Amino acid sequence: MQIKSYLLNLKPYPPGKTIEEIRKDLKISGKIYKFNSNENPLGPSSKVIEVLQKALLEVHRYPEASYFELKKVLAEKWKVSPSQIVLGNGSNEIIEFLFKTLLKEGEEIIVSEPSFLMYEKMAEIYGVKVKKIPLKEDFTHNFSAILGEVSRKTKIIFIDHPHNPTGSTLKREAWEIFLNSLNSINPKILVVVDEAYAEFIEDLEIPQGIEFLKAGYLIFILRTFSKAYGLAGLRLGYGITGEELAKVMDKVRQPFNVNLLAVKAGLAVLKDEEYLAKTIQVIKEGRKYLKKELEKLGFKVFPSQANFIMVDFGEKAEKIYRKLMQKGILLRSLKAYGFYNFLRISIGLPEENKILIQSLKEVLNEV
Ligand SMILES: Cc1ncc(COP(=O)(O)O)c(C=O)c1O
């Protein structure tokens, strides 16, 4: 047996801890508040719970293999053809399909540094080279530097938009200049616009990737049910792209890659417009509230259009993180992203956000 040498030092993706893990690690018996994984604070849609209770009686069956119905509903939502939709076991799985379909060992992708870690993790697994382009000073993607790094080996550019972990976004004009310039450098490079958090965009000048797909650019849009739709535990994501690519990606997936419960829950939550609207409202209000309160305490909060904010806690960030954790308040450390003074906070319910601010005030007296 010879394990591929480049896999020997692979570091797995550092996931946010679950409530059970924290309870066990820190021996906390009280309530635990999760501000660490950008999940939906409302809990699942009641329509989803209803549908899943019935669907439990069917779990001895395989799901319908082509996912015809879910693709049809998504296609209607985006006004594209069902053959342009790719479904995955979370959008993470679709990132892997992109590698399977488009990248050979030794070829290259471009990502921002930092950005969502799965792009480079997947590149390591597939022996693909990663060019990392530092964000600009305002923590937005540096489009002109990215263009400057394009080479003959570049096959995909990954842009998480809103960006994880900063929440930054770019205006329509910046996108247009970027996509047009890339087109003139090499029209065969695929731009993956990862819109895991796009439902939370408030600023009307921030475009959605679908506009560019429809305008004819070579784009792959990644979307997830894990955030605004509250289905993180069921693992459901999708991509929208040109038919040619979507059809091949549909062939590289495992049969039944999306499980029966995920399909049924996805269909149910897409119909629950009230749940989505409520989620978006809670996030927008919570984002404003936390920004205001954190700024009052003297911390810098970076502009975010996502369901989280990144906050500069200075040199005390690690201490604040640990002290809050001991109180059962989990934030996300950004050390894995190279940010030592910053923490990421997922927006919670109004009462949870208040508890966070109150606990932070207590902690600040101690550190
Ligand atoms: C930018 C970004 N893309 C994709 C994902 C993956 O989401 P999923 O749960 O659909 O795999 C995440 C999850 O945190 C993310 O932050």
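We count ligands from 1, going down the list as the structure has it; atoms in each ligand are counted the same way. Starting from 1, each residue takes its place in the sequence as its number. Note that this is a predicted model, so its numbers are computed, not measured. The figures that follow rest on heavy atoms only: side chains count, while hydrogens, waters and symmetry mates do not.
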Is a salt bridge present between E108 and K129, judged by a nitrogen-to-oxygen distance below 4.0 Å?
yes
S226 heavy atoms, cut-off 4.0 Å: which ligand 1 atoms fall inside?
8 (P), 9 (O), 10 (O)
Heavy-atom gap A196 to ligand 1 smaller than 4.0 Å:
yes
As an exercise, identify every atom of ligand 1 less than 4.0 angstrom from a heavy atom of R235.
8 (P), 9 (O), 11 (O)
Atoms in ligand 1 with a heavy atom of G90 nearer than 4.0 Å:
10 (O), 11 (O)
Is K31 close enough and on-axis enough to Y33, meaning under 6.0 Å and within 45°, for cation-pi?
yes
Output yes when E285 and K288 qualify as a salt bridge under the 4.0 Å nitrogen-oxygen rule, no when they do not.
no
Heavy-atom contact under 4.0 Å between Y197 and ligand 1?
yes
Have Y126 and E96 got a donor and an acceptor in their side chains that come within less than 3.5 Å?
yes
Short N or O distance, Y13 and ligand 1, threshold 3.5 Å exclusive
no
With backbone taken as N, CA, C and O and side chain as the heavy atoms from C-beta onward, which portion of N92 lies under 4.0 Å from ligand 1: side chain, backbone, both, or neither?
both
Do me a favour and list the nearest non-hydrogen protein atom to atom 12 (C) of ligand 1 with residue, atom name and distance?
F116 CZ, 3.4 Å
Ignoring hydrogens and angles, state whether a donor on the side chain of N38 or Y197 is under 3.5 Å from an acceptor on the partner side chain.
yes
Can you tell me if N38 has a non-hydrogen atom under 4.0 Å from ligand 1?
no
Check each heavy atom of K227 against ligand 1 and say whether those closer than 4.0 Å belong to the side chain, the backbone, both or neither.
side chain
Looking at F308, I'd like to know if the NZ or CZ of R344 sits under 6.0 Å from its six-membered ring centre while staying within 45 degrees of the ring's axis.
yes
Can you confirm, on distance only, whether ligand 1 has an N/O atom lying under 3.5 Å from any N/O atom belonging to D160?
no
Could you tell me whether the side chains of D272 and Y229 share a donor-acceptor contact shorter than 3.5 Å?
no
